[in-house]
Amino acid sequence: ADPNLNSINSVVLKIHDSTNDKEILNRAADVMKRVTQKESLYQHYDTYASLLFRLGKKEEGTAAAKKAIELGKAAGIDVSDTRFLLEIYR
């Protein structure tokens, strides 16, 4: 795992948790899209899915959440939070 991408993920997650500003959230989602393209990890897709759902992008959020679950399962990670996210936004 690239430590720089993990740092970006952490910062974007803080942004996700601290603002409702759609412009900022859209920029954060764009950043996470690029992160997932560089490194396909559970935590990156989980953050990306959360942002997409907050922005009302249900279809894209669902796809990202499903990818996160797939990656998490393969890595032996507890994916219950992402499954819960999917249930909330169905």
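Quick caveat, the model's predicted, so the values are computed rather than measured.
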What are the two closest heavy atoms between [X] and [Y], and how far apart are they?
| X | Y | value |
| --- | --- | --- |
| Ser40 | Lys67 | OG-CE, 3.8 Å |
| Val79 | Ile69 | CG1-O, 3.9 Å |
| Asp21 | Thr19 | N-OG1, 3.0 Å |
| Ala29 | Tyr48 | O-CE1, 3.4 Å |
| Phe53 | Gly61 | CZ-C, 3.3 Å |

Check whether any side-chain heavy atom of [X] lies under 4.5 Å from a side-chain heavy atom of [Y], and answer yes or no.
| X | Y | value |
| --- | --- | --- |
| Lys66 | Glu70 | no |
| Thr62 | Leu86 | yes |
| Tyr45 | Thr82 | no |
| Asn20 | Arg54 | yes |
| Arg27 | Leu51 | no |

Do [X] and [Y] share a hydrophobic cluster, counting only Ile, Leu, Val, Met, Phe, Trp and Tyr and linking them when any side-chain heavy atoms are less than 4.5 Å apart?
| X | Y | value |
| --- | --- | --- |
| Val31 | Leu5 | yes |
| Ile77 | Phe84 | yes |
| Val35 | Leu25 | yes |

Could you go through the side chain to side chain contact (heavy atoms under 4.5 Å, CB included) check for Leu55 and Asn26 one step at a time? CA-CA 7 Å; Leu55 288 163; Asn26 269 307; 3.5 Å; yes

Among Ile15, Thr47, Leu52, find the residue that satisfies the side-chain contact (heavy atoms from CB on, under 4.5 Å) test when tested with Met32. Thr47

Donor-acceptor contact present, side-chain Asp46 to main-chain Tyr42, <3.5 Å: no

Check: Ser7 side chain, Pro3 main-chain N or O, donor-acceptor pair, under 3.5 Å: yes

Should we say atom CD of Glu59 is surrounded by more than 12 heavy atoms from elsewhere, each under 6.0 Å from it? no

salt_bridge(Glu87, Arg83) N-O dist < 4.0 Å: no

Any chance you could measure Asn9, atom CG, to Thr36, atom OG1, to the nearest 0.5 Å? 10.5 Å

NE2-CG distance between His44 and Leu13, expressed to the nearest 0.5 angstrom: 12.0 Å

